[in-house]
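Residue numbers start from 1 in every chain, and the chains themselves are labelled A, B, ... in the order their sequence lines are given, proteins ahead of strands.
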Amino acid sequence: MSAQTDHFIKPDSAEPVEGLGALSAYIRDYLGRVRGGELGSIPAMVGLIVITVVFAVVHQGFLSAYNIEALVIQAAPIILMAMGLVFVLLLGEIDLSAGTTGGLCSAIMAVLMIRHGFPWWLGLLIGLGVGVLIGLGIGWLRARVGVPSFVITLATFLAFQGVTLILIGGQGAVTLPADSPIIKLENSFVPLWLGWVLWALFVIGYAAVKVNDALGRERSGLSRPPFTVIAAKVVVLAALGAAFTYEMGINRNLSANAFFNNKAEGMPWVVVLLVILFAGWHFILSRTSYGRHLYAVGGNEEASRRAGIVVSRIRISVFAICSGMAAVSGVVAASLLQSVQSNAGAGNTLLLAVGAAVIGGTSLFGGHGRVIDAVLGGLVVAVIINGMSDLIQGANSAGYEWVVTGAVLLLAAGFDAVVRRARAS
Amino acid sequence: MSAQTDHFIKPDSAEPVEGLGALSAYIRDYLGRVRGGELGSIPAMVGLIVITVVFAVVHQGFLSAYNIEALVIQAAPIILMAMGLVFVLLLGEIDLSAGTTGGLCSAIMAVLMIRHGFPWWLGLLIGLGVGVLIGLGIGWLRARVGVPSFVITLATFLAFQGVTLILIGGQGAVTLPADSPIIKLENSFVPLWLGWVLWALFVIGYAAVKVNDALGRERSGLSRPPFTVIAAKVVVLAALGAAFTYEMGINRNLSANAFFNNKAEGMPWVVVLLVILFAGWHFILSRTSYGRHLYAVGGNEEASRRAGIVVSRIRISVFAICSGMAAVSGVVAASLLQSVQSNAGAGNTLLLAVGAAVIGGTSLFGGHGRVIDAVLGGLVVAVIINGMSDLIQGANSAGYEWVVTGAVLLLAAGFDAVVRRARAS
Amino acid sequence: MTTQPTLELRGVDKSFGPVHVLSSVNLTALSGEVTALVGDNGAGKSTLIKCIGGIHRIDAGELVFDGTPHVVTGPRDAAQLGVEIVYQDLALADNLDIVQNMFLGREKVTGLHTLDENSMEKLARQALTTLSVRTVRSVRQQVASLSGGQRQTVAIAKSVLWQSKIVILDEPTAALGVAQTEQVLDLVRRLAEHGVAVILVSHNMNDVMKVADSIGVLFLGRMAAQVRREDVTQTQVVELITAGRSGDLGLSREESTGAAI
Amino acid sequence: MTTQPTLELRGVDKSFGPVHVLSSVNLTALSGEVTALVGDNGAGKSTLIKCIGGIHRIDAGELVFDGTPHVVTGPRDAAQLGVEIVYQDLALADNLDIVQNMFLGREKVTGLHTLDENSMEKLARQALTTLSVRTVRSVRQQVASLSGGQRQTVAIAKSVLWQSKIVILDEPTAALGVAQTEQVLDLVRRLAEHGVAVILVSHNMNDVMKVADSIGVLFLGRMAAQVRREDVTQTQVVELITAGRSGDLGLSREESTGAAI
Amino acid sequence: AGLVACGNTKTSSAGGAPPANTKVGILLPDTASSPRWVAADPNELKAQCADNKLTCFIDNANGSATTQQSQAQALINAGIGVLLVVNLDSGSGKAIEALAQQHNVVTIDYDRLTSGGTASYYVSYDNVKVGEDQGTALTQAPQVKDKSAVNYVEIDGAPTDNNATQFAQGYNSVLSKQPGWKKLADQTGNWDAATAQTVFTTMLGQHPDINAVMVANDTMAQSVINVLKSQGLAGKVAVSGQDSTAGGLDNVMVGTQAFTIYKPVAGEADVAIKLAGQILAGQKPTAPTTVKDPTTGREVPAYLADPTVITKANVAKPVTDGYVTAAAVCPTPALVQLCAANGIKTP
Ligand SMILES: Nc1ncnc2c1ncn2[C@@H]1O[C@H](COP(=O)(O)OP(=O)(O)OP(=O)(O)O)[C@@H](O)[C@H]1O
Ligand SMILES: Nc1ncnc2c1ncn2[C@@H]1O[C@H](COP(=O)(O)OP(=O)(O)OP(=O)(O)O)[C@@H](O)[C@H]1O
Ligand SMILES: [Mg+2]
Ligand SMILES: [Mg+2]
């Protein structure tokens with residue numbers, strides 16, 4: 001029987017495994033899948049490139065090492081928050097309070113450190129811990145009491161703004177001491193040699209994972225991508241990483257005749273944090289049962305329940321992850337501003353982070369989304385904000401900048417949508 | 001054959017049509033449906049009553065004629081915006097820019113009236129027209145280009161804030177002339193006699209519709225609710241209306257020795273607007289093919305498409321309705337504040353309106369929602385805001401009020417959720 | 001055959017991205033006849049029907065209605081050409097009740113553009129009773145609470161409310177009980193007698209042999225053969241389905257064993 | 001019968017709000033036997049199965065597994081008791097592929113808690129080949145793009161991957177082709193031979209008479225009768241389904257004609 | 001029915017009846033435009049109310065005109081006799097004042113003039129004067145004092161806030177006339193630290209040769225200093241400020257910020273509450289000056305206080321006055337030392 005049916009479920013090993021034939025088969029298959037609608041990160045990537053080119057043209061110095069660094073450290077809080085949001089969005093939920101949760105957690109950390117003399121690591125730990133607890137609370141209300149997440153998090157959005165305000169009190173802000181390790185995250189740089197070491201580790205790690213996967217499939221008698229493809233991917237990634245590491249190695253100190261001769265060179269430490277968190281969450285989503293269950297619950301909750309998945313537990317967990325990541329994002333934002341404001345995390349923080357995830361390709365209806373979406377979408381949003389600032393001068397410049405920001409956002413998203421639809425042909 | 005099958009699809013006329021038996025059968029059926037999960041407005045109503053009672057206890061004068069009027073005119077903009085949002089939510093879409101659209105439209109109206117000398121009605125018409133056009137634009141981008149509505153309206157949310165700011169300029173606000181009919185809407189009152197006439201018309205209209213429906217069903221040989229039930233509904237509605245009309249007839253001028261002897265009595269005109277718009281939208285949703293198609297598209301888009309419904313047209317229309325209602329809401333807010341701020345409609349306006357619709361019982365996932373949800377949910381939100389304002393004194397009162405507002409909102413929603421879940425037993 | 005077919009497919013191709021699902025499929029359906037469409041799971045039957053209904057656009061080929069080729073760009077086009085389809089995945093809106101679903105997109109209205117609920121309710125009830133539905137409590141029940149067979153009955157009842165020239169039923173009896181299946185087969189024959197061109201997709205060979213006038217067999221996306229009912233035996237049809245050919249009927253040996261299209 | 005039934009239902013009641021769907025239903029399923037559950041559309045078969053699977057809570061009555069009554073509060077409970085169910089509405093996550101769906105909730109992991117995709121893929125492929133699936137292009141296809149029969153096959157294959165004591169199949173062959181149906185009936189018999197208690201819901205009387213050892217007939221939410229296969233004819237079963245009784249078998253005259261429960 | 005106050009209030013004049021009503025409503029605007037609305041004003045106002053035996057209700061509108069409107073309604077419902085309004089904008093302020101007048105409640109514009117409004121008094125610092133002082137103080141900053149050519153950039157407050165417009169009007173009037181000063185860029189920081197930082201980062205990238213930054217308040221100044229620090233420029237570029245926040249005073253001591261503006265709340269709160277007491281007692285006090293309402297031309301009776309420029313020289317003043325606590329200004333050991341060097345004693 002197996003002989004007969006194998007004819008239909010093709011044993012993929014029937015195809016050549018290596019060489020030019022395999023490569024062209026692989027590419028044909030890939031193009032086919034793209035035409036069939038599996039676009040992955042293509043639209044977000046194309047959008048990112050287009051607006052970067054536009055700003056590089058209209059905005060002198062947009063691609064300078066100075067501005068690239070500024071862009072990265074501005075994007076970091078957005079990306080981190082969007083990473084957490086991807087998890088709740090995967091379940092078709094929303095967390096409107098991620099922004100103010102981040103603000104609250106960073107306020108707790110700052111107040112403990114500054115006013116109560118806690119060591120920085122303890123303040124940080126408590127801040128992040130509170131974030132996770134908040135998420136557990138929201139998740140519990142959603143999963144066990146059954147309040148829609150929009151309403152719960154609208155309430156916490158309001159309430160946490162109040163708590164932060166009470167905590168920070170009349171001073172309007174708590175300033176972090178300049179030598180605090182928290183500040184280092186966004187304002188201090190990886191030594192050049194270490195940057196290259198990390199780059200090498202990253203590239204080798206990526207290559208090792210890919211090759212190991214391929215060999216594993218081969219051992220199990222399954223088809224595997226040709227090594228030429230893997231090599232190509234590794235080379236592209238290595239080149240991109242090298243370009244970034246190199247650019248970040250340029251001294252960004254603008255004033256030619258600075259008398260403190262402090263060089264600004266090397267990538268900010270937050271890049272390391274971003275890469276680690278990205279890799280970690282990506283691993284969890286794509287290679288653990290837990291990640292699998294997230295997609296399943298987002299895709300068909302009833303089917304997941306029938307498959308024995310404890311849906312309420314999954315649901316609680318994503319809110320905990322989201323609020324925890326919001327706390328991380330809040331801490332990074334505090335590092336960027338070297339202080340915590342009494343309105344930290346309010347305003348458009350959350351909307352921009354959700355927008356980032358959605359532009360990256362995550363669906364608001366659940367079941368579709370990846371961590372890379374947060375990274376790419378967050379970069380798109382940060383590029384727009386960075387590119388817009390200082391573009392228009394004079395009275396009412398704020399008004400015009402808002403208008404243009406909206407328009408550019410729409411263009412980026414429209415582009416994305418058109419690319420996605422092109423496959424329908 | 002019909003004889004055999006009629007045994008199964010029971011011709012409802014087999015039940016007694018009138019009298020005590022019919023009444024108890026009707027009530028049994030109603031309770032059964034409630035237990036089966038068709039809760040309708042019960043949770044929102046219960047939530048509304050509970051928080052009203054709480055505030056009546058903690059807040060002296062909460063139920064005074066003066067405060068009831070204040071509550072109604074504060075609730076009006078929220079309710080109107082929520083009414084429009086119900087339409088987009090029915091399709092599982094979102095309009096984040098409803099708030100700033102309302103702000104923009106009222107700004108256009110005000111600027112045309114004040115700075116360019118347009119007559120008020122022309123300014124109003126243009127303002128509302130712009131609202132509808134905006135909605136058509138958003139709908140077009142969603143339906144034809146395929147950009148997710150979250151992203152489109154995030155962009156317009158930002159852009160319209162900018163446009164309003166540019167229009168109003170650095171003064172922070174445009175003040176409407178005190179004698180403008182626009183201001184009358186929220187600040188001028190229906191004469192007492194006219195109030196009672198409108199009340200009577202409303203009650204008679206309601207009764208006529210219900211009786212006509214019942215007779216129509218009877219003529220077609222279908223079951224109909226017993227007249228006792230209809231009479232009971234009419235009486236309850238008439239009593240509630242009479243209580244409101246009576247309370248609004250009390251002179252609300254608090255200072256005994258006022259030297260301007262201006263009486264404040266009668267219901268605000270905006271109540272008439274609310275009732276008319278409610279009735280109109282309710283009619284459209286429940287008694288026209290268009291309304292039917294909205295529910296169908298929200299429930300199963302593919303099925304609707306296969307049934308020949310032009311889904312894109314439906315989708316565009318709901319955004320037009322939503323933005324149009326947002327414009328109405330913006331005008332009413334301008335009437336309340338007798339001016340248009342350069343940040344009109346920004347901040348929490350939109351979130352509170354969506355929260356209102358959701359608390360009322362409208363689903364964010366499409367397919368479920370009614371106009372009455374906007375009214376009840378809007379009242380819940382307005383009661384919380386009104387009850388909270390001035391409740392907490394002293395330094396940091398702003399912070400504490402935020403916290404308590406969040407907590408009360410959560411309580412109201414939690415209550416709602418628990419009531420809804422009770423049926424699961 | 002000299003009569004003009006009500007529906008004729010000529011060389012229809014359809015792929016989804018890299019997957020070729022239909023390859024130059026031909027089919028004719030005559031008015032007053034039941035044309036059965038059979039084939040293995042995944043042969044492409046439902047895809048073919050969705051192409052006729054305008055859900056999918058065809059990549060190549062022609063849809064000919066009453067002798068005139070038409071481009072069907074959406075379900076509305078199909079409806080205007082008089083095609084009524086019961087899809088296999090029973091497209092019903094779960095949040096609406098039975099009556100609302102049955103009249104979806106074609107609601108009856110009174111003079112004032114308000115819905116005429118009363119007459120719709122009466123008509124829906126009549127349509128359901130003719131199909132031997134016995135356990136539906138009320139036609140005002142939401143379809144979400146219906147059993148599998150009840151849902152299927154609603155979908156079928158929906159299709160017979162209208163005067164159509166072509167009625168296509170994709171596995172209509174899959175979830176139905178014994179009595180209900182009888183009623184639906186009866187209905188199919190009655191429709192054909194009234195001059196409708198009926199296309200019936202089914203895996204039940206007994207039913208097919210009972211009601212069909214003509215049988216089209218899809219094999220891996222190709223039309224293996226379209227034959228008259230009286231010219232074949234059940235065994236031959238089953239052979240066509242599973243192997244693509246039976247004696248001199250069907251695809252050539254190369255075609256039928258060739259790697260999946 | 002002296003052997004202890006693997007599953008026994010005693011007086012199970014279930015209503016949804018005002019709708020009484022099941023009234024004191026009794027049923028026994030023995031290990032090594034195929035127990036067919038038949039009944040008209042809307043009789044309550046799927047509801048009964050969902051009660052066993054813990055999707056619905058029963059209002060009254062007992063579920064007895066291997067002689068011990070258990071309260072089943074959710075699908076996990078049922079799985080722990082060794083019950084494996086293929087639901088009529090094929091609960092599959094459309095955004096996952098075939099392998100992911102088949103191992104959902106019971107993924108294989110390697111030592112490092114990472115998913116063991118390779119072995120899952122191999123096992124999935126094997127399970128599908130035994131079921132004569134022929135047109136599935138790749139087991140890494142999303143189930144959203146599968147045909148009706150292919151979906152059904154995936155759901156069935158999912159249930160046979162595990163060593164269960166009770167396997168319940170709710171109309172498993174409804175959407176299947178001729179060859180696939182044969183395979184599934186084969187599978188049902190093989191499972192029973194391995195000592196599993198199989199409950200099979202079907203509207204196809206031929207299939208039922210072919211594979212069942214015992215037949216339970218639901219009529220309007222009541223168990224009209226549970227009889228041994230050899231004691232009845234197909235005609236009697238059909239009578240029981242449509243009228244609730246046949247000769248002295250089934251409900252009393254009053255019960256079977258009494259207004260819907 | 002108001003509370004009957006104790007007999008010997010400062011304000012009750014001979015023969016005048018004791019005030020029938022001692023309730024005063026106070027509407028504060030938000031928490032973002034300045035930290036003063038969170039603690040400084042509420043605390044000072046409360047203390048003054050207690051001193052004057054008045055019952056005060058203090059509300060903060062969190063930046064929402066609608067909220068402020070409903071707070072006004074609630075206060076009127078509670079039976080207040082005098083209402084202090086810090087408007088969010090003149091339009092909504094005017095609506096509130098009209099409402100109050102309709103119910104015979106006397107209104108006082110507090111800190112911000114409601115143009116076109118009907119307030120009986122105006123108690124404030126002069127915003128344009130504040131702006132002028134900022135401009136003048138910036139030109140006196142050590143980093144730029146002796147330079148003949150100065151490149152500067154501006155970061156303004158929220159464009160939706162009329163006060164920001166008035167501040168800008170003040171400092172622009174000074175800086176535009178300053179010989180050798182050249183404005184390279186002008187952006188809004190929206191009173192928001194994050195926005196200000198993004199904006200200034202880009203500005204510095206475009207114009208690395210900035211000598212001075214005219215930034216509207218201390219919160220945004222902190223962001224500017226952050227960016228300068230990363231470039232090793234902190235202390236070499238003149239940075240302005242306003243509000244005398246703890247962080248602002250720190251920066252002034254360190255030398256990264258040239259000055260801040262000190263507007264002791266007492267200067268407004270004491271006057272306003274005393275005035276309210278007099279009004280409730282039935283008096284009609286005469287104000288020392290008037291301010292012209294730009295819309296209606298009405299001369300509004302006004303009490304205007306003068307701001308103080310705080311530089312390193314007088315940095316201890318806000319602390320000695322009790323405007324900010326020493327603990328807040330000197331939270332870390334390093335700052336405690338600096339504080340001591342500048343005459344701020346930590347407990
Ligand atoms: N959630 C529910 N709410 C109300 N009624 C329900 C619900 N679920 C099922 N029913 C009703 O219960 C009855 C039995 O449904 P069930 O799905 O068990 O039938 P079945 O025997 O499986 O029928 P079929 O052969 O058509 O699948 C039907 O009349 C159905 O309308
Ligand atoms: N959207 C799609 N994307 C990719 N492949 C698809 C898509 N839709 C269908 N297919 C594939 O096309 C083939 C034919 O599917 P179709 O649903 O037409 O089969 P069918 O003949 O109706 O089978 P069944 O009898 O099981 O209903 C299947 O192999 C299926 O996997
Ligand atoms: Mg099919
Ligand atoms: Mg069933």
key: Point-to-point distance, once rounded to the nearest 0.5 Å, from CZ of F150(B) to CD1 of I94(A)   = 5.0 Å
key: For chain B, the option from L352(A), T156(A), I152(A) that forms the most heavy-atom pairs under 4.5 Å   = I152(A)
query = What part of F160(B) lies closer than 4.5 angstrom to a heavy atom of chain A: side chain, backbone, both or neither?
reply = neither
query = Where do L351(B) and L96(A) come nearest, in terms of heavy atoms and distance?
reply = CD2-CD1, 3.9 Å
ask   = Taking all non-hydrogen atoms of both residues, which atom of V358(A) and which atom of P148(B) are closest, and how far apart?
value = CG1-CG, 3.9 Å
key: A159(A) to G406(B) - nearest heavy-atom pair and separation   = CB-CA, 4.3 Å
inquiry  = Rounded at 0.5 Å granularity, tell me how far CG in L158(B) sits from CE in M388(A).
reply    = 11.0 Å
Contact class of L364(A) relative to chain B, heavy atoms under 4.5 angstrom = side chain
inquiry  = Between F365(A) and chain B, with a heavy-atom cut-off of 4.5 Å, which part of the residue counts as in contact: side chain, backbone, both or neither?
reply    = side chain
request  = Heavy atoms only, distances under 4.5 angstrom: which of T405(A), L141(A), T164(A), V354(A) has the most pairs with chain B? Name it, please.
outcome  = V354(A)
message = Please identify, among G162(B), A407(B), G414(B), G355(B), the residue contributing the most non-hydrogen atom pairs under 4.5 Å to chain A.
response = G162(B)
